[in-house]
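These numbers were taken from a predicted model, which means no experiment stands behind them.
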Amino acid sequence: MSEFDRIRDDVVACRACPRLVAWREQVARDKVARFSDQEYWGRPVPGFGDPRARVLILGLAPAAHGGNRTGRIFTGDRSGDFLFASLHRTGFANRSTSTTRDDGLRLTGLYITAVNRCAPPGNKPTPEERARCLPFLEREIHALHQLRVVVALGSFAWDGALRALAALGYTVRPKPRFGHGHEAQVGPFVLFGCFHPSQQNTFTGKLTEAMFDGVLRRARKLAGL
């Protein structure tokens, strides 16, 4: 069994946050009408991708009717549609959509994960819930031996990445501030900020396809891909 298999098994079995356990399971029972015929995952959602990844994309948490339904991060919601289309255009993914865990999607040079692994009410984990989940991210970063770039989708992911890297012994002072396109050297890694591909950001034009593609192409260059 690989380290990634062990991390996955530990993530999926986790019940450390009672509020999040109750919420993810309630959502899986009380399905929205458009997914009423589907079986929800209803458990913590593990990261996935290329074990030899040089780039890591870090989100906030699974969506209630996205990753919490499909069992794959950024899969089955509008944010994921935007993300995977860009990953395909920039050479990280073999297909432009991610619909199910067994849809044939493969990532090359890239790993995708989140700060929190359970869908939180209102997309807002508490500081305590974030702290309980961060060791999974620390283990993933430690296992990605070729990792060079962490792309943080939003300020929550930026802060989570800094905390995980600090726990691994890589700190930077003063604390770098999040911003779209901001870069910070943290030990051997480049932390790269990007607006989250939420509907609020993509529908309003705060984050466009060209902007997101630019972030991913810059990440490829920084990682030597």
Under a single-linkage definition using a 4.5 Å side-chain heavy-atom cutoff for Ile, Leu, Val, Met, Phe, Trp and Tyr, are [X] and [Y] assigned to the same hydrophobic cluster?
X      : Y      : value
Phe48  : Leu87  : yes
Ile112 : Val11  : no
Val190 : Val172 : yes
Val55  : Ile141 : yes
Leu144 : Val115 : yes

Could you tell me whether [X] atom [atom1] has more than 12 heavy atoms of other residues or ligands within 6.0 Å of it?
X      : atom1 : value
Gln26  : CD    : yes
Arg106 : CZ    : no
Arg101 : CZ    : yes

Please give me the minimum heavy-atom distance between [X] and [Y], naming the atom from each residue.
X      : Y      : value
Ala152 : Ala157 : CB-C, 3.8 Å
Phe92  : Arg220 : CZ-CG, 3.1 Å
Leu134 : Ala164 : CD2-CB, 4.2 Å
Arg8   : Pro46  : NH1-CG, 3.2 Å
Ser86  : Leu216 : OG-CD1, 3.1 Å
Tyr170 : Val186 : O-CG1, 3.6 Å

Would you check, one step at a time, whether the test side-chain contact (heavy atoms from CB on, under 4.5 Å) holds for Cys118 with Val21? CA-CA 7 Å; Cys118 293; Val21 171; 5.6 Å; no
Does some side-chain heavy atom of [Y] sit less than 4.5 Å from a side-chain heavy atom of [X]?
X      : Y      : answer
Thr202 : Phe195 : no
Arg117 : Leu137 : yes
Ile73  : Thr113 : no
Leu207 : Phe82  : yes
Thr97  : Phe84  : no
Glu183 : Arg218 : yes
Leu191 : Val150 : yes
Cys194 : Phe212 : yes

Would you check if the side chain of [X] reaches a backbone N or O of [Y] as a donor-acceptor pair within less than 3.5 Å?
X      : Y      : result
Arg6   : Met1   : yes
Asp50  : Thr108 : no
Gln185 : Gly187 : yes
Asp103 : Thr99  : yes

In Å, rounded to the nearest 0.5 Å, how long is the span from [atom1] of [X] to [atom2] of [Y]?
X      : Y      : atom1 : atom2 : value
Thr204 : Gln199 : OG1   : CD    : 11.0 Å
Arg132 : Arg130 : CZ    : CZ    : 12.0 Å
Leu153 : His180 : CG    : NE2   : 10.5 Å
Arg148 : Phe189 : CZ    : CZ    : 7.5 Å
Arg52  : His145 : CZ    : NE2   : 12.5 Å
Asp10  : Arg139 : CG    : CZ    : 4.5 Å

Report the residues that fulfil salt bridge (Lys or Arg N to Asp or Glu O under 4.0 Å) with Lys175, sequence neighbours left out, ordered by chain and then residue number.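 Per chain and number, Lys175 pairs via salt bridge (Lys or Arg N to Asp or Glu O under 4.0 Å) with Asp159.
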Parallel, tilted or perpendicular for Phe74 and His196, by the 30°/60° rule? tilted
Distance-only donor-acceptor hits, side chain of residues 60-71, under 3.5 Å, sequence neighbours excluded:
residue : atom : partner : partner atom : Å
His65   : ND1  : Tyr40   : OH           : 2.8
Asn68   : ND2  : Arg24   : O            : 3.4
Asn68   : ND2  : Ala64   : O            : 3.3
Arg69   : NE   : His65   : O            : 2.8
Arg69   : NH1  : Gln38   : OE1          : 2.7
Arg69   : NH2  : His65   : O            : 3.4
Arg69   : NH2  : Gly76   : O            : 2.9
Thr70   : OG1  : Gly66   : O            : 3.2
Thr70   : OG1  : Arg72   : N            : 3.4
Thr70   : OG1  : Arg72   : O            : 3.4
Thr70   : OG1  : Thr75   : O            : 3.0

Show your reasoning for whether side-chain contact (heavy atoms from CB on, under 4.5 Å) applies to Asn94 and Leu105. CA-CA 6 Å; Asn94 69 322; Leu105 173 71; 3.7 Å; yes
Which pairs would a plain distance check flag for residues 12-20, meaning a side-chain donor or acceptor within less than 3.5 Å of a matching protein atom at least two apart in sequence or in another chain?
residue : atom : partner : partner atom : Å
Arg15   : NH1  : Glu25   : OE2          : 2.9
Arg15   : NH2  : Glu25   : OE2          : 3.4
Arg19   : NE   : Glu129  : OE2          : 2.8
Arg19   : NH2  : Lys124  : O            : 3.1
Arg19   : NH2  : Glu129  : OE1          : 2.9

